[in-house]
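Note on naming: letters A, B, ... go to the chains in the order of the sequence lines (proteins, then strands), and numbering restarts at 1 for each one.
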Number of protein chains: 2
Amino acid sequence: MSAVDIIGDRQITRPSGLAEEVYRRIRADIMSLKLPPDTRVSVDSLARELGVSQTPIREALSMLEANGLVSKKHFTGYATAPRMDRAQLDELFEFRLLVEPHAARKAAEAMIEADIGSLGAVSGESASSHDGFADMDTEFHKLIAQGAGNNLIADSLARLHIHVHIFRSCFRSEIAEEAVHEHDAVIAAIRARDGAAAESAMRRHIERSYGRLRDFIND
Amino acid sequence: MSAVDIIGDRQITRPSGLAEEVYRRIRADIMSLKLPPDTRVSVDSLARELGVSQTPIREALSMLEANGLVSKKHFTGYATAPRMDRAQLDELFEFRLLVEPHAARKAAEAMIEADIGSLGAVSGESASSHDGFADMDTEFHKLIAQGAGNNLIADSLARLHIHVHIFRSCFRSEIAEEAVHEHDAVIAAIRARDGAAAESAMRRHIERSYGRLRDFIND
DNA sequence: GGTCCGCCAATCCTATAGGATATTTGATCC
DNA sequence: GGATCAAATATCCTATAGGATTGGCGGACC
């Protein structure tokens, strides 16, 4: 009998290592703004708080650094990345505008029916709270990127979307009713297998989203 | 006086930490095929070989894992990523085809003169050896991505280009005379500040490059 | 009053030791 | 001869202790 066992809901608790678990935890704390941008992160404190040794903390922070969520200064320690400035927001949306409409088109052409079903499941409902909308938005874009059948694109967008999430959370942006409608437009086009319509609907969504977020920053 | 000192060519040797140095070292070994794809990588061995403790090795490997160059299996150890298969190659070039022509267009419109100068410096010369061409190709695409003024794009492409480099090295691909000509066509278009021409020249270059690499794989 | 210098605390960085696990090897049995 | 099982090895994972460095604080000096 292995040390890991079957738990109630028939799910193996595969221990991918403490490092990965710590990674998820810290990333969650960053995304929930429990660790605000530009905040010092002490290895020692985290080790005590989470009740593990320093080594897995260090590994997790190294991975977070490689993903651009924290930065390390030699002999000074780690700190969460500063909030995006105007230039970075521009760069990020230029990138999204380049990739996501293409992904939407491919998804409309190649997505399997089952995944289109799950896509409908993240439409509108549970968009009552701010966090609810954020999670829904994340899931929406992730499903489409995966539906396009390109893991590289999906991973790149997921990595970037984290920063969008943080930026949006910083300003407690009101839940955009428009965004839900824009999502629905994309979903409808994908359901209709209309690649061109999906591409332009996604482009419109991202452009509007860009406009909504850009208002918060003027430096 | 700080511990780090000024060296001959007026450059500070800023010690970014052992972890980063180890990171570069391992990445170089992977790119030079000294660590071939799908090869076990022992933390202990590396520690002894490089004469450092296990901790910086572990941090470096964590960063490499986040960048997709090695993978970790719990209680089994690290291993270099397996060589790209056909599907991954397709995904990678779909991505490049999406991003790089756009970058070339922007570079033609916005690149400053000085950088165009350095661009000409990587044209043709030192393309005699295989490694020489590989480095030149890397530098060529990096300069254009940076010239487009979008760090996100530049970083994403740099990360992907490493895998192209490894794949090409695996097959000891002959130095493609064509590639140099295609590069020159892009450079000429950028020099002429012709965005449309730069975009299509880059698209053509990547498509041809894709065709050249695709021949090596048929599974 | 402003500036510079030395001290102190906090933190990171490194090294080593011990526990746990997967893979491999060898012998035994069918 | 092939398959199965068990022990041994190599490796990773964790924890703790000690050395090195940076940044901040207070006092002295101009």
Side-chain angles (χ1 to χ4, degrees), chain A residues 1-7 12-26 29-30 35-66 69-82, chain B residues 1-7 12-26 29-30 35-66 69-82:
Chain A
M1 174 78 81
S2 174
V4 297
D5 210 338
I6 313 277
I7 62 176
I12 299 275
T13 63
R14 55 169 176 180
S16 301
L18 271 189
E20 183 145 348
E21 213 161 330
V22 173
Y23 172 84
R24 294 182 198 279
R25 168 63 181 270
I26 300 178
D29 285 352
I30 293 178
L35 286 174
D38 212 21
T39 304
R40 293 280 309 268
V41 176
S42 162
V43 175
D44 242 345
S45 309
L46 273 175
R48 276 193 299 273
E49 179 187 346
L50 301 181
V52 298
S53 180
Q54 292 186 356
T55 308
I57 306 283
R58 201 167 275 280
E59 293 184 22
L61 287 173
S62 294
M63 292 191 282
L64 289 166
E65 186 193 12
L69 271 70
V70 305
S71 63
K72 183 175 72 164
K73 237 177 65 184
H74 196 46
F75 280 114
T76 301
Y78 290 90
T80 53
Chain B
M1 174 79 81
S2 174
V4 298
D5 211 337
I6 312 278
I7 61 176
I12 299 274
T13 63
R14 54 170 175 180
S16 299
L18 271 189
E20 183 145 348
E21 213 161 329
V22 172
Y23 172 83
R24 294 182 199 279
R25 168 65 180 269
I26 300 178
D29 285 351
I30 293 178
L35 287 174
D38 212 20
T39 303
R40 294 279 309 267
V41 177
S42 162
V43 174
D44 240 345
S45 310
L46 273 175
R48 277 192 298 272
E49 179 187 345
L50 301 182
V52 298
S53 179
Q54 292 186 355
T55 307
I57 306 282
R58 201 166 275 280
E59 294 183 22
L61 288 173
S62 294
M63 291 191 283
L64 289 166
E65 186 193 12
L69 272 70
V70 305
S71 63
K72 183 176 71 166
K73 237 177 66 184
H74 195 46
F75 281 114
T76 302
Y78 290 89
T80 54

- [ ] For A:T55, report the nucleic acid contact type (base, sugar-phosphate, nothing); a contact means any heavy atom under 4.0 Å.
- [x] base

Could you pull out all residues at least two apart from [X] that satisfy side chain to side chain donor-acceptor pair (under 3.5 Å)?
X     : value
A:Q54 : A:D44
B:S45 : B:S42
B:Y78 : none

Looking at [X], I'd like to know whether one of its side-chain N or O atoms comes within less than 4.0 Å of OP1 or OP2 on [N].
X     : N      : value
B:K73 : C:dT23 : yes
A:R58 : C:dC13 : yes
A:S53 : D:dT14 : no
A:T76 : C:dT11 : no

[atom1] of [X] versus [atom2] of [N]: gap in Å, rounded?
X     : N      : atom1 : atom2 : answer
B:Q54 : C:dT14 : CD    : P     : 13 Å
B:E21 : C:dT14 : CD    : C1'   : 15 Å
A:K72 : C:dC12 : NZ    : C1'   : 9 Å
A:I57 : C:dT11 : CD1   : C1'   : 15 Å
B:H74 : C:dT21 : NE2   : P     : 9 Å

Open item on the list: From the set D:dT14, D:dC13, C:dC12, return the single nucleotide nearest to any side-chain atom of A:F75.
Closed with: C:dC12

Open item on the list: Once salt bridge (Lys or Arg N to Asp or Glu O under 4.0 Å) is applied, what residue pairs with a partner in residues 69-79 of chain A remain, sequence neighbours excluded?
Closed with: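 Every pair satisfying salt bridge (Lys or Arg N to Asp or Glu O under 4.0 Å) with a residue in residues 69-79 of chain A: A:K72-B:E59.
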
Task: Euclidean distance, B:T76 OG1 relative to B:R40 CZ, rounded to 0.5 Å - done: 6.5 Å

- [ ] Enter the distance from B:I26:CD1 to B:T80:OG1 here, rounded to the nearest 0.5 Å.
- [x]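 OG1 of B:T80 is found 11.0 Å from CD1 of B:I26.
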
Open item on the list: List the residues meeting salt bridge (Lys or Arg N to Asp or Glu O under 4.0 Å) with A:R25, not counting sequence neighbours, and say none if there are none.
Closed with: A:D29, A:E49

Open item on the list: Both B:G51 and A:R48 contact DNA chain C. Which one's nearest nucleotide lies toward the 5' end?
Closed with: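 The answer here is A:R48.
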
- [ ] List in numerical order all residues of residues 35-46 of chain B for which some heavy atom is under 4.0 Å away from an atom belonging to DNA chain D.
- [x]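 Correct list: B:V41, B:S42, B:V43, B:D44.
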
